[in-house]
Amino acid sequence: MIKRTLHFSNPAYLSLQKDQLNIYLPHLKVLGEKESKKSVPIEDIGIVILDHQQITITHACIAALLDNNAAIITCNHSHLPTGMILPIDGHDIQSERFRYQIDASQPLKKQLWQQTVQAKILNQAAVLFERNIPCDNMIRWAKNVRSGDPDNYEARAAAYYWKNVFPKKIDFFRGREGDPPNNLLNYGYAILRAIVARGLVSSGLLPTLGIHHRNKYNAYCLADDIMEPYRPYVDQIVLRIIDNGENFLELGTSIKTQLLGIATVDVQFERGKSPLMVGLQQTTASLAKCYEGTVRRINYPLMKVFENRKSSVYKFMNDTEAGMVAERDGPYTSTNDEDLPF
């Protein structure tokens, strides 16, 4: 069963009673108890987002949410997520999985990062493909990624992707502090990051110990690794908002609602579709098995399975010229050294 995402953007009092999250919304008091007082079973909740400075939540409520593997996200006065609370005991054999993760060899980590980069680039290529934007170079780069990505194909692909994915009328440069629609991307990625971190904890893994990200100030390095192939699903939502002509200069209620829908977006695996939050459990469970040595690949979703032959959308120039595209499109710096890689 897919867990619910609860977003509170008005003053609220949250408490626990008989395994129910009791919600009191004082701004709706004039409408009567039916509108101002609600309850949700704790076991149905996956993520709680506290997006107002006048929200009160009891300790018993926090403890119950964490006991049920829920993630709690807090936002600042600008409505951007700034903190996250996760359970510390998310799996029956957690200590054993911690040991496998800590003892993982460098060659294994490099192979896992290779798979991650390949899946990310292919999903970025799928977004471009759907928008009739040339992407054969992206497919080629994904196939050429080696263990550990020493050729930095991830950055090459990102430079090309961000240069071309948005409509030409938007002079876009990807940066966490950049102009809109960076604000939408930041918000969507923050929600995605929480979903990934929750999945990792549920699979008995430490979100702090990454396979590639290594910033000592970042408590969610592994979450930042594993979320990479899922980022294009957020991009699709942002692109749809822009295509629909909505005002993306501010994070309004409508836009937040659409971005929060990332948890229920269908993602395609080799053996069928599932909602993203459920699919992430497959991904994190497969990662745990990779650490154990029982499987060799992380189970990532792919938006599109590209054929070996070149797509009909675009016939690229040649391999040499394709390799130079990202460099011509401008620099792109990796997010490894950032504390919050949104």
| task | Kindly determine whether Arg214 and Cys221 satisfy side chain to side chain contact (heavy atoms under 4.5 Å, CB included), including the steps that lead there. | result | CA-CA 6 Å; Arg214 293 183 294 274; Cys221 289; 5.6 Å; no
| task | Please step through side chain to side chain contact (heavy atoms under 4.5 Å, CB included) for the pair Leu287 and Leu222, ending with a clear verdict. | result | CA-CA 11 Å; Leu287 174 62; Leu222 185 58; 4.0 Å; yes
| task | Could you walk me through whether Lys256 and Asp51 pass salt bridge (Lys or Arg N to Asp or Glu O under 4.0 Å), step by step? | result | CA-CA 11 Å; Lys256 283 184 181 179; Asp51 189 10; 2.5 Å; yes
| message | Could you walk me through whether Asp103 and Arg99 satisfy the salt bridge (Lys or Arg N to Asp or Glu O under 4.0 Å) test, starting with their C-alpha distance in whole Å, then the side-chain angles of each, then the deciding distance to 0.1 Å, before giving a yes or no? | response | CA-CA 6 Å; Asp103 292 342; Arg99 178 53 54 193; 3.6 Å; yes
| side chain to side chain contact (heavy atoms under 4.5 Å, CB included) between Met138 and Phe129, worked out | CA-CA 10 Å; Met138 299 280 284; Phe129 184 91; over 6 Å; no
| message | Go through it in stages, so that I can follow the logic: the residues are Ile191 and Ile73, the test is side chain to side chain contact (heavy atoms under 4.5 Å, CB included), and I'd like the CA-CA distance, side-chain angles, deciding distance and then a yes or no. | response | CA-CA 8 Å; Ile191 302 305; Ile73 302 173; 4.2 Å; yes
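A donor-acceptor distance shorter than 3.5 angstrom exists from the side chain of Thr284 to the backbone of Gly199, with no hydrogens or angles considered. A donor-acceptor pair is defined here as one N or O able to donate and one able to accept, closer than 3.5 Å; such a pair exists between the side chain of Asn182 and the backbone of Asp179. Judged purely by atom type and a 3.5 angstrom limit, Ser286 uses its side chain to pair as donor or acceptor with the backbone of Asn299. Between the side chain of Thr208 and the main chain of Ala219, a donor-acceptor pair closer than 3.5 Å is present. Using modelled atom types, no side-chain atom of Arg193 and backbone atom of Met227 make a donor-acceptor pair closer than 3.5 Å. A donor-acceptor pair under 3.5 Å links the side-chain atoms of Gln115 to the main chain of Arg296, judged by distance alone. For Gln101 (side chain) and Leu206 (main-chain N/O), a donor-acceptor pair under 3.5 Å exists by modelled atom type. Between the side chain of Gln118 and the backbone N or O of Ala142 there is at least one donor-acceptor pair closer than 3.5 Å. Side chain of Asn76 to main chain of Ser78: a donor-acceptor pair is present (N/O by atom type, distance under 3.5 Å, no hydrogens or angles). Arg146 contributes no side-chain N or O that, together with a main-chain N or O of Asp151, makes up a donor-acceptor pair within less than 3.5 Å.
Within the 4.5 Å cutoff, the side chain of Val265 has heavy atoms near those of the Ile237 side chain. Put simply, the side chain of Cys290 does not reach to within 4.5 Å of the side chain of Tyr100, judged on heavy atoms. Counting heavy atoms from C-beta outward, Pro134 and Leu128 have side chains that stay 4.5 Å or more apart. Residues Asp243 and Arg131 have side chains in contact (heavy-atom distance under 4.5 Å, counting atoms from C-beta outward). At least one side-chain heavy atom of Tyr220 sits under 4.5 Å from a side-chain heavy atom of Leu86. Between Ile47 and Met277 the shortest side-chain heavy-atom distance falls below 4.5 Å. Counting heavy atoms from C-beta outward, Asn144 and Arg140 have side chains that approach closer than 4.5 Å. A heavy-atom distance below 4.5 Å is found between the side chains of Tyr233 and Met303.
Across Pro87 and Val201, no two heavy atoms sit closer than the pair O-CG1, 3.3 Å. Closest heavy-atom contact between Ser15 and Thr58: CA-OG1, 3.7 Å. Between Arg97 and Ala288, the shortest heavy-atom distance links the atoms NH1-CB, 3.6 Å. The two residues Trp113 and Ile211 have their closest heavy-atom pair at N-CD1, 4.0 Å.
Within a 6.0 Å radius of NZ in Lys110, no more than 12 heavy atoms belonging to other residues, nucleotides or ligands are found. Within 6.0 Å of CG in Asn10 there are more than 12 heavy atoms belonging to other residues, nucleotides or ligands. Residue-environment remark: CG (Asp171) stays at or below the threshold of 12 foreign heavy atoms within 6.0 Å. Heavy-atom neighbours of Tyr13 OH from other residues, nucleotides or ligands within 6.0 Å: at or below the threshold of 12.
Atoms OG and CD, from Ser39 and Gln20 in turn, are 4.5 Å apart once rounded to the nearest 0.5 Å. Note: Cys135 SG to Gln124 CD = 11.5 Å, rounded to the nearest 0.5 Å. From His77, atom NE2 reaches atom OG1 of Thr82 across 10.0 Å, with rounding to the nearest 0.5 Å. With rounding to the nearest 0.5 angstrom, the CD1 atom of Ile170 is 11.5 Å from the NZ atom of Lys168. Taking OG1 from Thr74 and CE from Met84, the interatomic distance works out to 9.5 Å, rounded to the nearest 0.5 Å. In this structure, Asn123 CG and Lys304 NZ are separated by 12.0 Å, a value rounded to the nearest 0.5 Å.
Side-chain polar atoms of Asp225 and His212 form no donor-acceptor pair below 3.5 angstrom. When only modelled atom types and interatomic distance are considered, Glu43 and Asn68 share no side-chain donor-acceptor pair under 3.5 Å. Under the 3.5 Å distance criterion, with hydrogens and angles disregarded, a donor-acceptor pair is assigned to the side chains of Tyr189 and Asp235. Checking Asn218 against His213 by side-chain atom types alone, no donor-acceptor pair falls below 3.5 Å. Side chains of Tyr230 and Thr283: a donor on one and an acceptor on the other come within 3.5 Å.
Here the rule is side-chain contact (heavy atoms from CB on, under 4.5 Å) with Leu14, and of Val40, Leu6, Ile55 only Ile55 fits it. The only option from Ile255, Leu260, Val234, Leu192 that meets the side-chain contact (heavy atoms from CB on, under 4.5 Å) definition with Tyr187 turns out to be Leu260.
Ring pair Trp162/Phe166 is parallel by interplanar angle, where below 30° counts as parallel and above 60° as perpendicular.
Sorted by first and then second residue, the ring pair (Phe, Tyr, Trp, His ring centres under 6.0 Å) pairs involving residues 244-294 (not counting sequence neighbours) form an empty list.
In the hydrophobic clustering of ILVMFWY residues, with side-chain heavy atoms under 4.5 Å counting as a link, Val278 and Leu200 come out together.
Applying the side chain to side chain donor-acceptor pair (under 3.5 Å) rule to Arg240 yields no partners; only residues at least two apart in sequence or on another chain are considered.
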